[in-house]
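What follows is a set of notes on a single structure, which appears directly below.
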Amino acid sequence: MDDLSGAGSTPTIGVEPAPFDVRDFARTAHGSHREGLDLEAIPDAALTREAVRTILTLAELEGATMAHLRNVLVTATHKDARVTAFLVSWAYEKYWVADALRAVAGAAAPVGATRANDASRPAVAAAPVRARGRGPIRRALAGFAQGSDVIGAHLALGCVDDLVLDLAYARLAGDVPTADGTPDPALGDAIRRIRAIKARHSAFFHEEATRRLETSPRAARLARRELSRAAWPLGAASVSDEDRRSFARFALGGDPGSASALERGIRSLAGIDERTAARVTGRLAG
Amino acid sequence: MAFDIDRYTATSVAVDWSDLDLEAFRREPLPGSSLRTLRYMADVEYHTVCYTRDLLTTPSHRESDVSAFMTMWNREEFWHGEALAAVLAVHGVSIDYDELKASRLKLGWKDRLDPIKQSVLGGLVGQDFVAVHMSWGAANEWSAITAYQRMAELEEHPVLAELLRRIAKQEARHVAFYTSQARERLAASTKAQKVTRFALSRFWAPVGSSIMAPEEVRHVMGHLMSGEEGRRAARKVDDSISGMPGLAGLTIVQDALDRLGVAS
Ligand SMILES: [Fe+2]
Ligand SMILES: [Fe+2]
């Protein structure tokens, strides 16, 4: 299942799969992972400092759903009941993904490492409300003018954010970041669980964005604009600039082909061109 | 009393009705006017997530409690919508996402908190908006419990009563969160009290007023809150609201019923 969200994998288009079942997704949304995680089996100091820092940053990014919802729901996106129904369970699952990540980071932290965020919940939103991007009011006005085409753009943002985060997950799933260079099965299992959760989110975002961008040139234009303008990853406003940069270095720093794989993934969205994809990787790396 | 957010998130569940015999509604269907009220309630529950836009995130630890709560709260309310939709479905009233979308498109959304938030973003009210938001939430959750209790009393339908009891039990946890947040913020700032008093007395209206047609609001309030019993229930909600720091004397629910012309 987690193959779906593999770093370079381009979601399959052309085959007509059954449409994403939002009600089924809501019914089967996954809560806490604490029982399924084998934290005891993760040895102390299993990970490098860099990897631990990435996991903690991922926790902040995954947990920043309410800020994202605030921004998208002031627009016409709030009218699409199927999308809002999805977002409710999406936020719920991401809350528990963030919780699992913090637990894993705590278990695998190098001895003596400062565990910046070992509280059970996200400590703080580091940036003030309007530090990045447009504030809710401007978004409300812009959203009104753009109407329902903005929904496609928001779904494209969600899709690309999953691709960006998955670069880091893919690297964590490999054996590169462990301190002694050997893969740790318990850690691998934790990352696999998280990628499986995220694969469903990616599937919804990709399917819905594609449908909208294919049928509306205006939605595609808006998506290109939003993708080019956004701070990557999307939850960047809730982490420090240093953590964001460190995250990007980690995400892009594994496989030398990761940036181009990411761009391929982004271009798999209908109407999204090379230039837009390059802007995303540029802003991520910058 | 402090609200234990970790305990809340760890125990937050989708309301379960799988053990309830909804087929009972085929034998004893609810009358049309009750279905109309249920439909309103379901729409309001489904719409809850849209109020995430009222959230202001600011750098403090307490805000992470608010985010954690809202995540679980959104989902619980969504499932309240699904549960009510299941009852409606047995009566042949289906609510699918396209239909919800159509009603959202038709009605637009006159959000009553918007003018206040505009002034927040203009720097006039600042942090005190969060006190307004939390007090507003408390008033809405108290109203929700009251509405479900009234509905259960009026219908005297055992299956409906049990379902509404389960929903209301979750609403009670929502009340606990909002009141603990509101009390703390109100107690800390007389300015927050003043802004909240002003916002509630000037802008508050029964839950759903900003998203449902006025005739639906009148129907639901008339159905649930009219007569002596209805007024008594409204007074109880007002007593709870006015028991919060700096809000003494507020009668926003009774005032709203008067404005709607609901017979007492
Ligand atoms: Fe509810
Ligand atoms: Fe509630």
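Fair warning: this is a prediction, and the values are worked out from it, not measured in the lab.
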Note to self: Surrounding CD of B:E23 (heavy atoms of other residues, nucleotides or ligands, distance under 6.0 Å), is the total greater than 12?
What the structure shows: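 Result for CD/B:E23: enclosed.
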Checklist line | Best-contacting candidate, A:T65, A:D80, A:V83, A:V22, against chain B by heavy atom pairs under 4.5 angstrom | finding: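 It is A:D80.
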Taking all heavy atoms of [X] and all of [Y], pick out the closest pair and write down the distance.
X     : Y     : answer
A:Y95 : B:M72 : CD2-CE, 3.3 Å
A:T84 : B:C50 : CG2-SG, 4.5 Å
A:A91 : B:T71 : O-CG2, 3.5 Å

Item checked: Heavy-atom check, side chain of A:W96 versus side chain of B:T9, under 4.5 Å ->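 When only atoms from C-beta onward are counted, B:T9 and A:W96 do touch, with a gap below 4.5 Å.
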Item checked: Residues of residues 74-82 of chain B near chain A, each having a heavy atom less than 4.5 Å away ->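 Interface residues of residues 74-82 of chain B: B:N74, B:R75, B:F78, B:W79, B:E82.
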Item checked: Per-residue contact mode, B:M70 against chain A (heavy atom under 4.5 angstrom) ->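 Both the backbone and the side chain of B:M70 come within 4.5 Å of chain A.
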Note to self: Which atoms of A:A26 are under 4.5 Å from chain B, going by heavy atoms: the side chain, the backbone, both sets, or neither?
What the structure shows: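 Both backbone and side chain.
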Check: Between atom CZ of A:R70 and atom OG of B:S67, what is the distance when rounded to the nearest 0.5 Å?
Finding: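 The OG atom of B:S67 is 9.0 Å from CZ of A:R70, to the nearest 0.5 Å.
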Note to self: Once rounded to the nearest 0.5 Å, what's the spacing between atom NE2 of B:H47 and atom NZ of A:K79?
What the structure shows: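 Answer for the NE2-NZ pair, B:H47 versus A:K79, is 8.5 Å.
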